[in-house]
Amino acid sequence: MEEFKKQQEATLAENARKVKELATLEIGRWMKEADFSDSATKILVEYSKQVMKLGKLLFELLSEALGLKLTHLNDIDCSEGLLVLGHYYPACPQPELTIGTSKQADNTFMTVLLQDNIGGLQVLHQNKWIDVPHVPGALVVNIGDLVQLISNDRFKSVEHRVLANHRGPRVSVASFFSTGMLPSTKLYGPIKELLSEDNPPKYRETTVRDYVAYFNEKGLDGTSALSHFKV
């Protein structure tokens, strides 16, 4: 059974990588060809605008919590890029024999998730998997790898997974704050104002694009991509 699950995780990781690559291509094509008069498209565009506003506010709160200028994280473009993806998990007749999404952390600055009432999302806390229940009207916010990197581990990226469920379908909308699809050469490393002799940099600088490329190449193997960028 364990070997079967390991094979499934490896297959899911490879499929997830291919889906993200295809999604990137399709989103670019959709943006060129989409009819923005369509009602569903209008809703998506408006939702994206509101998530962007929320993201800027959240990055202000994170900046303040780090003791930085309120606009610091927005000034270094943490809220510059947004990728919105819809997830659809059909009901599974034998959820104990499969995995919805294996353990991972997001290769983003931050993720804002809208989930339905089916359930299945879990976060890893003190080596225990904790359910994240649906709360009507609430959004789930995850810190991503890139905020852990630039905060020099002051904030920690959230490891999470999604369990298969005999109820369903489960539908969610994930909004990823990342500039990984933009042709930017901007380097990100631990913020200098947070460093000292007692708190030296734990990570080397990288572009978002290079981080995302390594994350996708590594796949969802249960380990953190951050380890590759440690000094």
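Index from 1, following the sequence.
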Checklist line | Asn152: side-chain hydrogen bond (donor to acceptor under 3.5 Å, both in side chains) partners, not counting sequence neighbours | finding: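 Asn199.
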Check: residues 173-193 side-chain donor-acceptor pairs under 3.5 Å, at least two apart:
residue	atom	partner	partner atom	Å
Ser178	OG	Gly180	N	3.1
Ser184	OG	Lys186	N	3.2
Tyr188	OH	Ile76	O	2.5

Heavy-atom check, side chain of [X] versus side chain of [Y], under 4.5 Å:
X      : Y      : value
Phe109 : Leu73  : no
Leu44  : Val84  : yes
Asp77  : Val208 : no

Next item on the list: Scan residues 170-180 for pairs that pass salt bridge (Lys or Arg N to Asp or Glu O under 4.0 Å), counting only residues two or more places apart or in two chains.
Entry: none
Check: salt bridge (Lys or Arg N to Asp or Glu O under 4.0 Å): which pairs involve residues 61-73, sequence neighbours left out?
Finding: Lys69-Asp75
[X]: partners by side chain to side chain contact (heavy atoms under 4.5 Å, CB included), with sequence neighbours left out:
X      : value
Leu66  : Leu68, Ser151, Arg154, Phe155, Leu194
Gln126 : none
Gln94  : Glu96, Leu97

Next item on the list: Look at the side-chain heavy atoms of Ile, Leu, Val, Met, Phe, Trp and Tyr, link any pair under 4.5 Å apart, and say whether Val141 and Leu114 land in one connected group.
Entry: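 They do share one cluster, since a chain of ILVMFWY contacts under 4.5 Å joins Val141 to Leu114.
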Next item on the list: Following the transitive rule for hydrophobic clusters with a side-chain heavy-atom cut-off under 4.5 Å over Ile, Leu, Val, Met, Phe, Trp and Tyr, establish whether Met110 and Leu139 coincide in one cluster.
Entry: yes
Hydrophobic clusters join Ile, Leu, Val, Met, Phe, Trp and Tyr when side-chain heavy atoms are under 4.5 Å apart, directly or via other members; which others share one with [X]?
X      : result
Leu121 : Tyr89, Leu113, Val123, Ile130, Val132, Val140, Val158, Val162
Leu124 : Trp129
Ile43  : none
Leu163 : none

Check: Parallel, tilted or perpendicular: which describes the rings of Phe229 and Tyr211, with under 30° parallel and over 60° perpendicular?
Finding: tilted
Margin query: Given 3.5 Å as the limit, does a donor-acceptor pair link the side chain of Gln148 with the main chain of Ser157, or not?
Written below: yes
Check: Any donor and acceptor pair, going by atom type alone, linking the side chain of Arg167 with main-chain N or O of Ile118 inside 3.5 Å?
Finding: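 At least one qualifying donor-acceptor pair exists.
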Taking all heavy atoms of [X] and all of [Y], pick out the closest pair and write down the distance.
X      : Y      : value
Ala91  : His166 : CB-O, 3.5 Å
Gln115 : Ser172 : CA-CB, 4.1 Å
Gly119 : Asn165 : O-ND2, 4.1 Å
Cys92  : Pro95  : O-CD, 3.3 Å

Note to self: Using the salt bridge (Lys or Arg N to Asp or Glu O under 4.0 Å) criterion, which residues pair with Asp116? Sequence neighbours excluded.
What the structure shows: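 Asp116 satisfies salt bridge (Lys or Arg N to Asp or Glu O under 4.0 Å) with no other residue.
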Next item on the list: With side chain to side chain contact (heavy atoms under 4.5 Å, CB included) as the test, would you mind laying out the steps for His160 and Asp106 before giving the verdict?
Entry: CA-CA 9 Å; His160 57 280; Asp106 292 334; 3.3 Å; yes
Check: Stepwise, does the side chain to side chain contact (heavy atoms under 4.5 Å, CB included) test hold for Ile143 with Leu62?
Finding: CA-CA 10 Å; Ile143 296 295; Leu62 293 179; 3.9 Å; yes
Checklist line | side chain to side chain contact (heavy atoms under 4.5 Å, CB included) between Phe59 and Leu54, intermediate numbers included | finding: CA-CA 9 Å; Phe59 282 120; Leu54 173 64; over 6 Å; no
Margin query: Determine whether Asp221 and Thr223 satisfy the following criterion, side-chain hydrogen bond (donor to acceptor under 3.5 Å, both in side chains), listing intermediate values before the conclusion.
Written below: CA-CA 6 Å; Asp221 60 2; Thr223 65; 2.7 Å; yes
Checklist line | Lys103 NZ to Ser224 OG distance, which is reported to the nearest 0.5 Å | finding: 9.5 Å
Item checked: Audit row: Thr71, Asn74, side-chain hydrogen bond (donor to acceptor under 3.5 Å, both in side chains) steps and yes/no -> CA-CA 5 Å; Thr71 60; Asn74 286 315; over 6 Å; no
